[in-house]
Amino acid sequence: MRLFRSGKLPIIAVIGILSASMLSSFIYANSDSTDRSAKVKSSIRIASASKPSGSLPDETRFQPIAENMRLLLKADPTSGHFTVTSKQTGEIWRSFPNSTNWQDKLNTDAWKVHLGSPFMFRYLEFNTRKDLLIESNFNAQGGAVTQFETTDSGFKIRYEMPDIGFIIPVEVKLGEDFVETKILADGLVDEKVYPKDQKDPKARLASIRLFPFLGAQTSDNEDGFLFIPDGPGALLDFKKHRTGTQNLYSERIYGDDWAYSNRNTMSDRNPVSLPVFGMKSNKQAVLGVVAEGEEYANIVAAPSGSFSQYNWVTPEYQYRFKFFQPTDTKKLNGYLTYSTEITKSDRATRYYFIDEQNNREIDYVTLAERYRAHLMQEYGMKPLTNAKLKLQLHLLGGDTEDGFLWDSYLPLTTTEEAAKIVQDLLAVGVKDMKISYLGWQNDGYSEYGGAFPVPKKLGGSDGMKKFTEYAHSKGLSVYLDASSYTFNSGSKDGFRKSRDGLRDLGSSIIETRDTVVSPRFMENVFTDDLEEAKSLGIDGYLLGQGIGSVLNTDYNEDYLSTREQSKQIQARLFEQTKEMLGDVQVAKGNEYTLQYTSHLDNLPSTYSYDLFVDRVVPFAQIALHGLTTYSFNYANLSDDYRMAFLKGIEYGAVPSFVVTYARSEELLKSLNLQQYYSTNYRDWIQEMESQYKKYEEALGDVQDKFITGHRELMSGVYETTYSNGKQIIVNYNNKKVTVGSHVVEAKNYIVNQGGA
Amino acid sequence: MHKHLGKWKFSLWLVCLISLTLFPMEAIADVPYRTFTKNSYGRTILTQPAYSPAGVLAQEIPIAGDKGEVEYTTLQRPQDLFIAPGDDMYIADTDNNRIVHLNEQGELVKIITVPESPLKQPQGVFVAENGDIYIADTGNKRVVQLNIHGEWIREIGRPESRYVNEAFVYEPTNMVVDKRGFIYVVSKGSYNGVVQFNPEGKFDKFFGTNKTEVTPMDIIRRQFYTKEQLSRQVRLLPVSIRNIDIDERGFIYTVSGSKTEQIKKMNIRGENVWKDIEFNKNMRSFSDLENKDDKLAAEITDASVDSNGNVAIIDKSRNIISQYDANGTLLFYWNGRSVVGKSLVGLTTAPVAVETNSKGRLYILDEALSLIQVYEPTEFGAAVHEAYRLMQEGKYSEAEKHWDNVLKLNAHFSPAYEGLAQAAFFRGEYERSRDLFKLAGDGEGYSDSFWQIRLQWFQANFSTLANSVIIAVILLWFFALLKKKFKFRVIPTMSGLKRQTWYQQAKHVFYTLKHPLDGFGDLRFLSKGGYTSAIIILLLTIGTILVKSYYTSFTFNPVPVYAKGSTSTLTIFLATWLSWVVCNYLIGSIRQGEARFKDVFVGSSYSLVPVVLLGLPLAALSNIFTLSEMSIYGSIGTGMMLWCGLLFFWNIQALQNYGVGEAVVNILLTVLTMIILWVVIFILIGLSSEFFSFVYTIYQEVSM
């Protein structure tokens, strides 16, 4: 990034560049036209569904299959649908839309068929067009159930669609308070052998939405909501009037896969880190958790009025993926297509059925509590005990700066300075903190690869040891940020771009300034370094990015790894870190990391601003509070400081800051620190102290308590209740409000000690 | 190293626009767009949002249906939004042929359709101070004036005047009314300017007519085309005015689709205060990423002035919202990626009108989403506004604490350093202001501060300085006297040295400076120079260039802290010099020159001596000079270059044994050859990289 400093830049260079670029433009001119056509966005065609009429299955034909204390499972082998009845309240959940309030004219013919089908699916005809998805469903294909057998706790069913040659085997199991539906990889067929004289369109499966309308309801009574896992959690209320007809939420669980990123527009929304969704209507609710193959699923939700009169939310299991196949090394030309190989694995979703208990109205808190129980049962997460509120202190170590003759190290917080910061914080009364060192690695924050040894100018390994000893003597813990292993900017760690880089489906390396490292290669380097990390006496790592947050398939021949395997690698790294160093934290972590981590860093605190979202609720926070601690974006880099603080108080977070000892201007010397607007700790020490004290006062004694209630009292006023009865009421409005006997000042909050 | 993933991806976008992968800006912030500003080097820098989304309004308008039930309607291609002094909103709901009046909370107050003379495609609405509602009833080609209750007052039709010719199309799209009651009407596609009516509704004059934009191509055409050809050309007309706004002080702002001066801030006489400002210059938009091949042209549709004189500008096609202060300085701009079929709170897709209310909130009417996006200033945005406002009023020291606050929130926001520097300068803290000006990247301010510091230094040390000068003069005089009397040498002669070749060669360098033609001739014919001395001089030159660029003061060499690398300077110097030597030798050898390659190399190296001699003094001088002594500094620099140039000329003459004319021809040919050489090199690089990648691809395919 060096400026051409000399004012007298020789004309020759300019002319040279001009002519070269002209030449290259000639070279590309021809290829441009072919490129255009490739850029036509791949779209979705709706398969014609003229024959089958859309109608919902007849509930009287359903036979009892299995039952337990709470639920009764009935199924109908003809239509391939099932219902679940609560023995206690008599509430019925159907695998198809509720027929009450069905209005013929509000649904198009195509959608009527969709609504009556046990599943919808999308497929491709590779011999017709490689990039065009065709949307269809079981009924429209004239499919039939060819096999139906009851098992101990449910049934196995085989859906066959002879026209297209697809066979979908599904297993439905009844559990204590749930039903688990599973598409089995074994027996799944999406090929058909055509006789020689017939042309094979090569129809192949792209995705399936199994029982997409499970529990689907219309908005006529306006008594429910859809829950989507966007940010902290977002609700789409059942509304009769909703503007826009294209309101669709579809996001991939654990975010986009970079192996298919080339030329694909990646999502702007918050990535889905918890594979949950849900729906509540009147006195019943269902919480869905994608339990197997979630890394290959999307969460799809549509409120009534878009597509049909029903509100529905469902997982969509992906089997083939869109990508841009480049036809030259510069990746400029090429065409959009789908992967030809099917990605097969079992895909299961668990539907927890919730009905009203003790006349307490079901809301998102009920759903979140069920999810909390799921995390405890399935992942063995334990409630915290005697947890104290700790300020998350992030220290930015250093970076590389552009030098006059060569690049040099830019120290921002040396280990000695770090000790001073901690000392000052302790002196002003910030008693407890978790310290995470960022940019501690050898060449600083923006240089990846070759993390060890800790650079001399930062204090070296000895300095780091001293610092951790100092911190331990004060009862504080020190973590190193190790998410940098995701990338490599040079050749350290024996890394060679062409050999060890993550490759996408088109076999090209994903790189910009830095290269994304193959997960398997990364695992080796990471594991090798753990010993050295341990010798520093640190308490653990702060992981993130490619370790716990971003999940990619790797098509590098030497390190082949599916998304599922990458997930396992990441989980292994968490396990090893925890074993070796004792503890681990994660930034923007996915569900599979939760069982290892003691703290979740940088959780998103807002939704993705979709216009169709009606309410933003702390679903994730209700589920997690008391199991682990969490913090949002660094308070000193907030977009809106007061709002971010209030949000933290409302959502039960812990305060988090990122600071440097160096003055903030020093950061101007590196172009890679642009997002750290203001980090000088002297500027923030007062704020840190006051936030710590306020958080401590409000949330200090509920760190190990569950959130048991959360509601909006009036516009912009929210109340959070903890299991010990403590209540926090936050007022976001610009004027004070009166809640019962309490007055809450504008943009402020009050704490109600429990017992009331 | 906790970059958030999104930020990582985003910085990719910033760094390399050529990047082929479309990484999103997912979850990098709490808002669905990114806010930027520019530092004084013109570099785009990221800031936290200056405005945050505060919801949407007018998504659905409830109206009473036939049977008394409430029906919900949406806006249809709305074209204008106006916020009246009481913060009530008026929307020109064009395709619904109505004006929608909402209160501050967005609740419906009334719907204006003017049943006695129905509106047709109204595109503009304005409410005067007395509450009169003016509607640009585009479809009916008139302006309708209603009273505060929506009752008919009058209509203003086509202007009648001898200045308005037949061809003039009168289709009002928007208007403003000033305090005197004059009405300024924008007519669709009119190049005559804004139609100004007097309070009686009679045509007064055309106001704020734009200039015709003439491109160099037009000038060439006019020179060479015949009359007939010219008549067939599209007539060059001034760019038409699109929109209009007025502020509290009576300045009228017009919006045009021109290349510069898109926004004009005009006083009552129609004089533009914002001369030659190109708005939204070089701003990057997410839309550029999607359409890399044909970037969208900007389409500025509206501007709105707040009570501090800050102007918000919206660009419909590129979706950029920018804000300038009352002097036309860029404050921020923001932009997000809008995706078809996905509507987000806070993200516009086709903004057509912008308004500011009394609380500083921004309201942006979106034609495609058919709703109003509301933004409110964040703490950071408000601090920047306040600081700029105080600066405007000349209250530097009051502004200072706001700048401090801005810097506390964002240390990368370089305009704040400028503000602090000016405040420090104002107070007379010149050393502080000098350092701050350096951070702000303001060479001029740096120089001014330094001028003051130097002055103070002179004032403080004048007596000492004067005394030491006198003493020095006396000493010199005394020394000269002694020397005359005793005839001693200052430097003793060393006979041993004379025999050393390097000493001889070094001495010859100075001889060459004094007698260039002879000196260079001796190089050729008496072998008084060699590769060793030439390379030493070359290295010295490189050293001097490095030292010079490192030590030249900020006044004369303002480079940002993040870009102090020297590699490019060196590369350019060496590449130019070497190609000169090669080309000059080649040309010389085919044009009866007598120089060997060695001679050209040595001669060209010796010609650089002035740089070695003068470079360091020049760098030293730059540290005591200010911009007011620019002429002295500049002339020494130019002198140095001229001297070098002359030495080059003489060395060609002497070494190649050319006359003046031949030497000139030789130089021109050398330059031409250098150009050809570089073109060839670039072509070769281009082709061979293609070739290598081709071979590599084959290798990959075979090996796979």
Side-chain angles (χ1 to χ4, degrees), chain A residues 1-6 9-10 12-13 15-17 19-20 23-24 241 243-244 246 261-262 265-270 329 331 394 402 404-405 438-439 441 445 481 483-484 512-513 544-545 549-550 587 602 604 606 609-611 639-641 664-665 667-671 674-675 677-678 683, chain B residues 1-2 4-5 7 11-12 15-16 19-27 29-32 45-46 48-49 52-53 59-60 72 74 337 341 343-346 378-379 408-412 439 549-550 559 561-569 572 576 674-675 678-679 681-683 686 693 697:
Chain A
M1 237 4 84
R2 272 151 207 197
L3 279 190
F4 277 81
R5 192 106 59 79
S6 150
L9 177 81
I12 39 162
I15 292 177
I17 291 164
S19 55
L23 192 85
S24 56
H241 296 285
T243 38
Q246 292 294 314
S261 63
N262 187 25
T265 310
M266 292 165 84
S267 173
D268 290 339
R269 290 195 181 109
N270 286 314
T329 42
K331 298 200 266 183
H394 300 79
D402 193 11
F404 183 66
L405 289 176
L438 318 181
Q441 66 268 31
Y445 181 84
D481 175 66
S483 52
S484 62
T512 44
R513 206 178 73 88
Q545 308 220 43
S549 184
V550 181
N602 266 293
T606 54
Y609 283 91
D610 279 301
L611 209 48
D639 288 346
D640 195 322
Y641 306 89
S664 306
E665 292 106 87
L667 274 68
L668 285 169
K669 290 182 183 165
S670 164
L671 286 174
Q674 274 204 44
Q675 70 271 34
Y677 315 124
S678 168
D683 286 343
Chain B
M1 198 28 248
H2 185 74
H4 314 251
L5 169 59
K7 281 178 181 163
S11 61
L12 303 182
V15 173
C16 41
S19 143
L20 303 173
T21 324
L22 294 188
F23 284 103
M25 44 171 284
E26 148 264 301
D30 300 345
V31 297
I45 47 175
L46 191 70
Q48 60 266 66
S52 61
Q59 209 180 349
E60 36 193 33
Y72 290 89
T74 50
R337 183 162 77 192
S343 340
L344 301 185
V345 177
T378 59
E379 199 178 330
K408 185 193 158 190
L409 302 181
N410 187 348
H412 300 218
L439 275 172
S549 60
Y550 193 80
V559 286
V561 281
Y562 51 78
K564 44 190 186 206
S566 53
T567 336
S568 59
T569 326
I572 291 168
T576 319
M674 278 165 74
I675 294 172
W678 281 106
V679 169
I681 287 177
F682 277 108
I683 289 176
S693 72
T697 321

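Just so it is clear: chains get the letters A, B, ... in the order the sequence lines come, proteins before strands, and each one is counted from 1. What you see is a predicted model, and the numbers here were worked out from it, not measured in a lab.
- Evaluation of the side chain to side chain contact (heavy atoms under 4.5 Å, CB included) rule for B/Asn410 yields A/Tyr677, B/Thr47, B/Gln48, B/Phe380, B/His412, B/Phe413 as partners, not counting sequence neighbours.
- Judged as a side-chain hydrogen bond (donor to acceptor under 3.5 Å, both in side chains), and not counting sequence neighbours, the contacts of A/Lys669 are A/Glu666.
- In this structure, the portions of A/Asp610 lying under 4.5 Å from any heavy atom of chain B include both its backbone and its side chain.
- Comparing B/Ile45, B/Leu439, B/Thr378, B/Leu409 by how many heavy-atom pairs each has under 4.5 Å with chain A, the most go to B/Leu409.
- Both the backbone and the side chain of B/Gln59 come within contact range of chain A, judged by heavy atoms closer than 4.5 Å.
- For the pair A/Leu611 and B/Leu344, the minimum side-chain heavy-atom distance is 4.5 Å or more.
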